[in-house]
Amino acid sequence: MARIKGAMATRKRRKKVLKATKGYYGGKHRLFKTAKQAVMKSGQYAYIGRKQKKRDFRRLWITRISAACKVNGTNYSTFMNSLKKAGIDLNRKMLSEIAISDPEAFTSLVETAKSAL
C-alpha cells in the first residue's frame with residue numbers, strides 16, 4: 001500500500017494563509033512564514049479593534065449627550081442621574097440619536113429629568 005503524505009493538506013493550509021495576506025506589503029504576501037506571522041498579528045489587531053470600537057462609540061455618544069445637555073443648561077452626570085430617578089430607561093446610543101435628530105424631544109427629556117430631582 002502506498003504511503004500517504006500530507007501534501008494536499010499542507011498546500012491547502014498554505015494557500016489559505018497566502019490568500020488571507022493578499023495585498024500585504026513585500027514578502028508578507030509571498031513568503032509563507034512571514035505571511036503566517038502577519039495573519040496572526042492582523043488577527044490580534046482585529047480582535048482588539050472589535051473591543052475598542054465599542055469603547056469609542058460609547059465615548060462618542062457620551063460626548064454628544066454632554067454637548068446637548070450643555071445647550072439645555074445642565075451637565076451630563078446630573079442629567080443621567082436625574083433620568084434614572086425619573087425612571088426613564090434610555091441607553092446612551094438612543095439618547096445621542098435623539099439629541100442629534102430631534103433637539104426638541106431632547107429638551108423635553110431634560111425638563112422631565114430636571115423635575116424628577
Side-chain angles (χ1 to χ4, degrees):
M1 219 173 191
R3 195 167 64 128
I4 298 171
K5 298 183 180 180
M8 289 299 290
T10 304
R11 188 180 310 125
K12 191 174 177 184
R13 186 175 62 245
R14 288 181 181 167
K15 279 187 78 167
K16 185 171 76 172
V17 169
L18 290 171
K19 188 178 179 186
T21 58
K22 185 179 175 186
Y24 284 20
Y25 181 77
K28 287 182 182 177
H29 76 278
R30 270 184 248 120
L31 308 171
F32 175 69
K33 189 174 180 181
T34 54
K36 191 167 79 168
Q37 291 172 351
V39 166
M40 289 177 71
K41 190 65 176 178
S42 63
Q44 289 174 339
Y45 284 136
Y47 178 81
I48 292 166
R50 287 193 293 274
K51 309 295 174 250
Q52 287 174 339
K53 186 167 85 168
K54 293 167 182 62
R55 291 180 223 155
D56 292 341
F57 270 105
R58 185 181 168 94
R59 187 183 301 154
L60 175 68
W61 298 330
I62 290 172
T63 305
R64 286 176 176 172
I65 295 167
S66 179
C69 286
K70 284 179 183 156
V71 169
N72 288 299
T74 184
N75 61 10
Y76 172 78
S77 59
T78 309
F79 173 65
M80 293 306 281
N81 180 38
S82 55
L83 272 183
K84 282 210 170 75
K85 286 184 179 174
I88 300 171
D89 290 329
L90 282 172
N91 60 15
R92 285 161 182 81
K93 181 179 181 179
M94 290 299 110
L95 283 171
S96 72
E97 287 297 318
I98 292 169
I100 291 170
S101 63
D102 195 4
E104 295 84 23
F106 191 81
T107 304
S108 67
L109 272 174
V110 170
E111 296 305 320
T112 309
K114 279 183 183 176
S115 66
L117 277 180

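Counting from 1, the numbers follow the sequence of the chain as shown.
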Heavy-atom distance under 4.5 Å between the side chains of Phe106 and Val110, does that happen here? yes
Can you give the donor-acceptor pairs under 3.5 Å from side chains of residues 50-70 to other protein atoms, not counting sequence neighbours?
unit_1, atom_1, unit_2, atom_2, d
Lys54, NZ, Arg50, O, 3.1
Thr63, OG1, Arg59, O, 2.8

Joint cluster assignment, Met94 & Leu83, ILVMFWY side-chain distance < 4.5 Å: yes
Is there side-chain contact between Leu109 and Ile88, with heavy atoms separated by less than 4.5 Å? yes
Identify the heavy atoms of Lys93 and Ser96 that sit nearest to each other, and give their distance. O-OG, 2.8 Å
Answer yes or no: is there a side-chain heavy-atom contact under 4.5 Å between Gln44 and Lys41? yes
Answer whether the closest heavy-atom distance between the side chains of Asp102 and Glu104 falls below 4.5 Å. yes
Specify the closest pair of heavy atoms between Ala116 and Ser82, including all atoms of both residues, with the distance to one decimal. CB-O, 3.9 Å
Side chain proximity check, Thr21 to Thr34, heavy atoms < 4.5 angstrom: no
Return the CG to CD distance between Leu31 and Gln37, rounded to the nearest 0.5 Å. 10.5 Å
Is a donor from one side chain sitting under 3.5 angstrom from an acceptor on the other, for Thr78 and Asn75? yes
Treating Thr112 as the side-chain partner and Ser108 as the backbone partner, does any N or O pair qualify as donor plus acceptor under 3.5 Å? yes
Specify the closest pair of heavy atoms between Lys28 and Ala38, including all atoms of both residues, with the distance to one decimal. CD-CB, 4.2 Å
Between Leu95 and Glu97, does the side chain to side chain contact (heavy atoms under 4.5 Å, CB included) criterion hold? Intermediate values first, please. CA-CA 5 Å; Leu95 283 171; Glu97 287 297 318; over 6 Å; no
If you group Ile, Leu, Val, Met, Phe, Trp and Tyr by side-chain heavy-atom gaps below 4.5 Å, do Tyr76 and Leu90 land in one group? yes
